[in-house]
Amino acid sequence: MRASLAPRGLEGFTSRELEILELIASGIGNNGIAKRLSLAEKTVRNYVSRIFTKLDVRDRAAAVARARDVGIGGRLTAMRSVS
């Protein structure tokens, strides 16, 4: 992922972590994320755990709040469709 696509404050995130964070912010659960991305649910749980660590949060609600603070909630999807 090009660094220019990462919202300010999330530069250290991989493209997959950003994708999963956006899906979390959209209200999709781990099972739904796994199905949408063709991943094992355990893999999604591992990503979610890393995302929580990087955001320094303990739960989904706090992760969603932090994601919205930096502008995640549709912005990444729109940028991906352009590139």
Side-chain angles (χ1 to χ4, degrees):
M1 168 179 223
R2 294 184 313 225
S4 62
L5 291 182
R8 182 174 294 271
L10 299 180
E11 295 87 359
F13 283 64
T14 67
S15 59
R16 182 64 93 180
E17 288 167 343
L18 290 171
E19 184 175 28
I20 290 173
L21 180 57
E22 181 158 348
L23 293 171
I24 291 169
S26 297
I28 301 172
N30 290 353
N31 189 27
I33 293 169
K35 287 179 181 178
R36 182 174 286 198
L37 300 179
S38 300
L39 297 171
E41 191 171 353
K42 174 64 175 149
T43 301
V44 172
R45 285 195 309 265
N46 290 337
Y47 274 114
V48 170
S49 178
R50 284 196 301 269
I51 290 166
F52 285 6
T53 298
K54 287 182 178 186
L55 291 175
D56 193 27
V57 298
R58 293 183 180 219
D59 58 39
R60 285 178 105 79
V64 168
R66 185 73 53 86
R68 291 196 175 142
D69 287 346
V70 297
I72 290 182
R75 179 175 162 231
L76 290 177
T77 302
M79 292 175 89
R80 267 196 216 99
S81 65
V82 172
S83 56

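Predicted model, so just to flag it, every value in this text is computed and none were measured. Residues: numbered from 1 along the sequence shown.
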Contact between [X] and [Y] at the side-chain level, heavy atoms closer than 4.5 Å - yes or no?
| X | Y | result |
| --- | --- | --- |
| Arg50 | Leu55 | no |
| Leu39 | Ile33 | no |
| Ile51 | Phe13 | yes |
| Leu37 | Leu23 | yes |

Closest heavy-atom pair and its distance - Ile28, Arg60:
O-NH2, 3.0 Å
For Arg66 and Val57 the tightest heavy-atom approach is NH2-CG1, 3.9 Å
Residues which pass side chain to side chain contact (heavy atoms under 4.5 Å, CB included) with Val64, listed by chain and number, not counting sequence neighbours:
Ile24, Arg68
Is the side chain of Glu17 donor-acceptor paired with the backbone N or O of Thr14 at a distance under 3.5 Å, no angle test?
yes
Judged by atom type as modelled, is there a donor-acceptor pair below 3.5 Å linking the side chain of Ser49 to the main-chain atoms of Arg45?
no
Reported CG-to-CZ distance for the pair Leu21 and Phe52, which is rounded to 0.5 angstrom
9.0 Å
Rounded to the nearest 0.5 Å, how far does CD of Glu19 lie from CD1 of Ile72?
11.5 Å
How would you list all residue pairs meeting side chain to side chain donor-acceptor pair (under 3.5 Å) that involve residues 31-44, not counting sequence neighbours?
Lys42-Asn46
